Amino acid sequence: MKKLWRNFDTSIVSFPVASFCVIATFFLNVPLALIECALFVILFIVKWQYQKRVKQKLLYQVNAVADELDFERGEAFKKLSVACAVIEKDGLIVWINDSFKNTFSITEKTPVCNIRAVLNREGSLERLIDGRGFKIKVNSQYFAVYSSEMKVDDEDLYLLYFFDETKLRITEKEYYDSRPSLMLSVIDNSNEIYQTFKESEAAAIFSRIEQEIENWVTSYGGLCRKYSTTRMLFFVEERSLQKMIADKFSILETVRQMSYDGKNCGVTLSIGVGKEASLNASNESAKQALDMAQSRGGDQVAIRHDAQYKFFGGVSAGVEKRNKVKTRLISRSIATIVNDSDNILIMGHRFSDFDAFGAAVGMYAVADHFSKKANIVIDTETTLALPLVKAFREHFPPDVLVRPEKARSMLGENTLLVVVDTHKKDFCEAPELVDSAKKIMVIDHHRKSVGFIENTVMFYHVPTASSACEMVSELCEYVDTAPFIDKFTAEALLAGISLDTRNFIIRTGVRTFEAAAYLRARLASPLEVKKLFANDMDVFHLRNSIIDNSHIYERGFAISFADFKSRNIRLITSQAADEMLNVEGVRASFVLFETPGIINISARSYGEVNVQLIMETLGGGGHQTMAACQLPKLSIEQATVKLKNAIDKYITDTTEVK
């Protein structure tokens with residue numbers, strides 16, 4: 001009733017009612033009517049004096065604020081161009097100036113008593129009156145709102161200022177929408193075009209690609225320039241770039257589906273986009289983005305902004321670009337780096353598998369060939385390659401394998417740290433070694449992702465290689481003209497290749513079989529390698545239980561989970577994920593399992609589905625056919641929901657999924 005009395009003119013109701021009561025009483029009891037009339041006059045005088053006093057105090061407070069703003073009189077607030085209002089703590093409006101009325105179209109016919117009704121917002125009063133100011137949109141107008149507190153009759157009131165920023169926002173939006181982005185494109189497999197087609201046909205294909213790219217860029221209002229046969233440069237505005245993103249960079253699919261004389265050209269395109277404060281910085285950023293796109297296998301767009309990457313496309317297999325001349329040159333460079341180092345520390349990724357440990361064994365053989373002291377950094381308690389580790393201890397001194405905590409004391413100023421089968425610091429067996437080492441060499445085949453190790457003396461990265469062991473096998477072949485690896489090292493490398501290719505079924509190229517032939521010539525026994533992968537009966541039963549839990553989610557995506565605990569849980573789940581691919585209709589498999597505080601997901605495919613993209617959505621990574629991620633502080637059910645959302649996003653975003 002107090003708020004009703006203050007905020008509505010109750011006299012409109014009270015006067016007629018009181019008058020009627022007095023007149024009616026005259027017919028019944030004249031003395032009583034006179035008493036009622038006297039009381040009515042007294043109450044009217046009290047009400048009038050109270051309202052007058054409240055208005056004077058409010059005017060005094062407004063005058064005080066006006067004085068601070070150097071206004072001569074508080075009445076200036078009425079004509080102030082800034083919209084002002086005085087409200088109570090619960091939003092009831094006490095007073096507004098003329099600008100407020102005009103800004104929010106308030107008239108006598110459309111009275112408004114609460115600020116919420118003006119702003120069309122609920123639950124924002126605390127921010128409105130806290131004095132710190134905030135941005136707000138009312139209909140099509142933007143305002144910066146600030147407040148100051150005042151007291152009237154021990155009640156808190158707030159004076160609000162609404163600064164119209166609509167024109168500023170429009171100008172700001174136009175500024176950001178018109179910011180230029182620099183884009184660099186390259187045809188991934190130009191050499192293969194020249195090898196497959198005649199010179200004149202190749203020229204016609206490149207000319208058509210150039211025309212398609214120009215039409216695509218100009219359709220978005222961009223500028224396109226060619227600076228070599230296979231490379232082009234574009235400038236587009238931010239608004240156009242956002243449209244390209246919404247269109248999922250359709251040029252990738254256009255180029256991918258291009259044919260000549262009825263034959264698919266097999267061409268893919270990689271694009272790097274730089275979005276920085278200056279054109280020079282954007283150019284450097286675009287170069288890094290293009291390098292990242294190609295390092296991830298090509299046929300995709302990488303956008304780099306403020307050292308952060310976003311990727312689009314990448315649904316097809318990478319194009320192999322290696323040649324033996326380049327491998328020979330890299331091998332000689334590695335030999336020089338090894339010779340110039342005092343000692344070598346070699347490590348793979350956490351929970352090392354046959355590929356990581358096999359590649360480490362191969363690099364140990366290279367270091368030993370040059371008479372350099374070398375050690376392999378590995379946590380034997382968590383490795384997934386325990387059979388190979390046990391066999392290694394039978395052939396080499398026991399002090400070659402060192403735990404991560406001991407490796408720190410072995411790191412010197414001229415120590416070479418060799419990282420194999422990963423290029424991300426966080427995935428390494430001992431990430432602190434990466435921070436401390438002065439000389440780092442990386443040898444990896446996984447698609448390049450954000451957070452890769454920088455400032456290396458050698459970054460040997462081949463995303464089209466089947467495995468790190470395949471890459472190390474080639475290096476061993478060319479490091480010296482004379483063969484030097486022994487039978488065990490050859491078998492360790494062959495085991496790594498067998499694991500990542502699933503016994504030469506997926507991701508195998510000519511170079512894969514050439515590497516295997518070289519290892520076979522070094523007396524590697526396929527039978528001995530097969531024995532390394534043998535499982536005991538418990539592992540066999542647990543793996544089958546995961547397969548029993550599986551179900552097809554959608555379009556050939558199989559999902560399962562491990563409802564047990566085992567020290568071999570990672571090995572069992574990875575094998576189960578591989579085995580699920582043998583089910584008819586399964587295009588990709590995902591197995592979830594729990595470790596303390598973390599839900600892990602192991603993903604596999606035969607290449608039709610790029611599981612790396614799905615795992616990257618969840619913060620993980622890997623390769624096109626083999627990837628993983630970790631989701632902390634979630635249950636199996638919650639993680640399954642996130643996985644399904646990531647699968648749905650992949651299906652929506654990729655044009656390859658039918």
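Because the structure is predicted, anything quoted here is derived from the model rather than measured.
Between the CD atom in Q195 and the CD atom in E192 there is a gap of 5.5 Å [rounded to 0.5 Å]. Interatomic distance, CD1 of I485 versus OH of Y518, reported as 4.0 Å (0.5 Å rounding). Going from atom CG of N264 over to atom OG1 of T196 covers 11.0 Å, rounded to the nearest 0.5 Å. Residue L417 holds its CG atom at 6.5 Å from CG of L345, rounded to the nearest 0.5 Å. In this structure, CD in E528 is found 11.5 Å from CG in L494, a value given to the nearest 0.5 Å. Note that CG of L499 is 7.0 Å distant from CZ of F354, once rounded to the nearest 0.5 Å.
Between the side chain of Q638 and the main chain of S635, a donor-acceptor pair closer than 3.5 Å is present. With hydrogens and angles disregarded, a donor-acceptor distance shorter than 3.5 Å links the side chain of H305 to the backbone of K275. Looking only at distances, a side-chain donor or acceptor of H551 sits under 3.5 Å from a matching main-chain atom of I559.
Contact of the I453 side chain with the C428 side chain is registered, since non-hydrogen atoms from C-beta on lie closer than 4.5 Å. Put simply, the side chain of R555 does not reach to within 4.5 Å of the side chain of I647, judged on heavy atoms. Looking at heavy atoms from C-beta onward, I599 lies out of side-chain contact with Q630 at the 4.5 angstrom threshold. Contact check for L475 versus V366: no side-chain heavy atoms found under the 4.5 Å cut-off. Counting only heavy atoms from C-beta outward, the side chains of F557 and R587 approach each other to under 4.5 Å. In this structure, the side chains of S525 and E491 come closer than 4.5 Å at one or more pairs of heavy atoms. Contact annotation: the side chain of V389 approaches that of F357 to within less than 4.5 Å [non-hydrogen atoms, C-beta and beyond]. A heavy-atom distance below 4.5 Å is not found between the side chains of D379 and M347.
With 3.5 Å as the limit, one finds no donor-acceptor pair spanning the side chains of D299 and S270. Between S602 and R604, the side chains place a donor N or O and an acceptor N or O closer than 3.5 Å (distance only, hydrogens not considered). No side-chain donor-acceptor contact under 3.5 Å links H461 and D444. A side-chain donor-acceptor contact under 3.5 Å links T489 and D486. Side chain to side chain, S466 and T508 fail the donor-acceptor criterion of an N or O pair below 3.5 Å. For the residue pair H445 / D500, a side-chain donor-acceptor distance below 3.5 Å is found, with atom types taken as modelled. For N645 and Y650, the side-chain atoms include no donor-acceptor pair closer than 3.5 Å. Side-chain contact, E579 with Q575: no donor N or O sits under 3.5 Å from an acceptor N or O. Counted by atom type alone, R507 and T625 present one or more donor-acceptor pairs between their side chains at under 3.5 Å.
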- Decide side chain to side chain contact (heavy atoms under 4.5 Å, CB included) for I271 and I251; before the verdict, give the C-alpha distance in whole Å, the side-chain angles of both, and the deciding distance to 0.1 Å. CA-CA 10 Å; I271 300 176; I251 188 63; 4.0 Å; yes

- Would you sort out whether I601 and L618 count as a side chain to side chain contact (heavy atoms under 4.5 Å, CB included), showing the intermediate values? CA-CA 10 Å; I601 303 179; L618 300 175; 4.0 Å; yes

- Task: Quick one: do T383 and F351 satisfy side chain to side chain contact (heavy atoms under 4.5 Å, CB included)? Show the steps, please.
- Result: CA-CA 5 Å; T383 182; F351 307 104; over 6 Å; no

- Message: With ring pair (Phe, Tyr, Trp, His ring centres under 6.0 Å) as the criterion, how do F513 and F504 come out once you've worked through the C-alpha distance, each side chain's angles and the decisive distance to 0.1 Å?
- Response: CA-CA 8 Å; F513 290 101; F504 297 88; 5.6 Å; yes

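By the neighbour-count criterion of 12 heavy atoms within 6.0 Å, atom NZ of K390 is sparsely surrounded, having that number or fewer from other residues, nucleotides or ligands. Residue-environment remark: CZ (F540) stays at or below the threshold of 12 foreign heavy atoms within 6.0 Å. The local environment of CG in D536 is crowded, with over 12 non-hydrogen atoms from other residues, nucleotides or ligands closer than 6.0 Å.
In this structure, H369 has its ring center under 6.0 Å from that of F484. Residues F593 and F564 place their aromatic rings such that the two centres sit no closer than 6.0 Å.
The nearest pair of heavy atoms linking L433 to L411 is O-CD2, 4.1 Å. The two residues G496 and C469 come nearest to each other via the heavy atoms CA-SG, 3.6 Å. Closest approach of S605 and V609 over heavy atoms only: OG-O, 2.7 Å. Across all non-hydrogen atoms, the minimal contact from M441 to V457 is N-CG2, 4.4 Å. The minimum heavy-atom distance between E429 and T382, with the atom names listed, is OE2-OG1, 4.3 Å. What you find for C265 and I193 is that their closest heavy atoms are O-CD1, 3.4 Å.
Note on E470 versus R511: no salt bridge recorded, every NZ/NE/NH1/NH2 to OD/OE distance being 4.0 Å or above. A salt bridge does not link D426 to R350: none of the charged nitrogens lies less than 4.0 Å from a carboxylate oxygen.
Under the 6.0 Å distance and 45° angle rule, R296 counts as a cation-pi partner of F311. For the pair K644 and F590, the NZ or CZ position fails the cation-pi test of under 6.0 Å to the six-membered ring centre and within 45 degrees of the ring normal. Both tests do not hold together for K263 against Y260: distance to the six-membered ring centre under 6.0 Å, angle to the ring axis within 45°.
Between F459 and F452, the angle of the ring planes goes over 60°, which puts this pair in the perpendicular group of the 30/60° scheme. The aromatic rings of F392 and F488 are tilted relative to each other, their planes meeting at an angle between 30° and 60°.
With sequence neighbours excluded, no residue satisfies side-chain hydrogen bond (donor to acceptor under 3.5 Å, both in side chains) with S498. Applying the side-chain hydrogen bond (donor to acceptor under 3.5 Å, both in side chains) rule to K425 yields the partners D435; only residues at least two apart in sequence or on another chain are considered.
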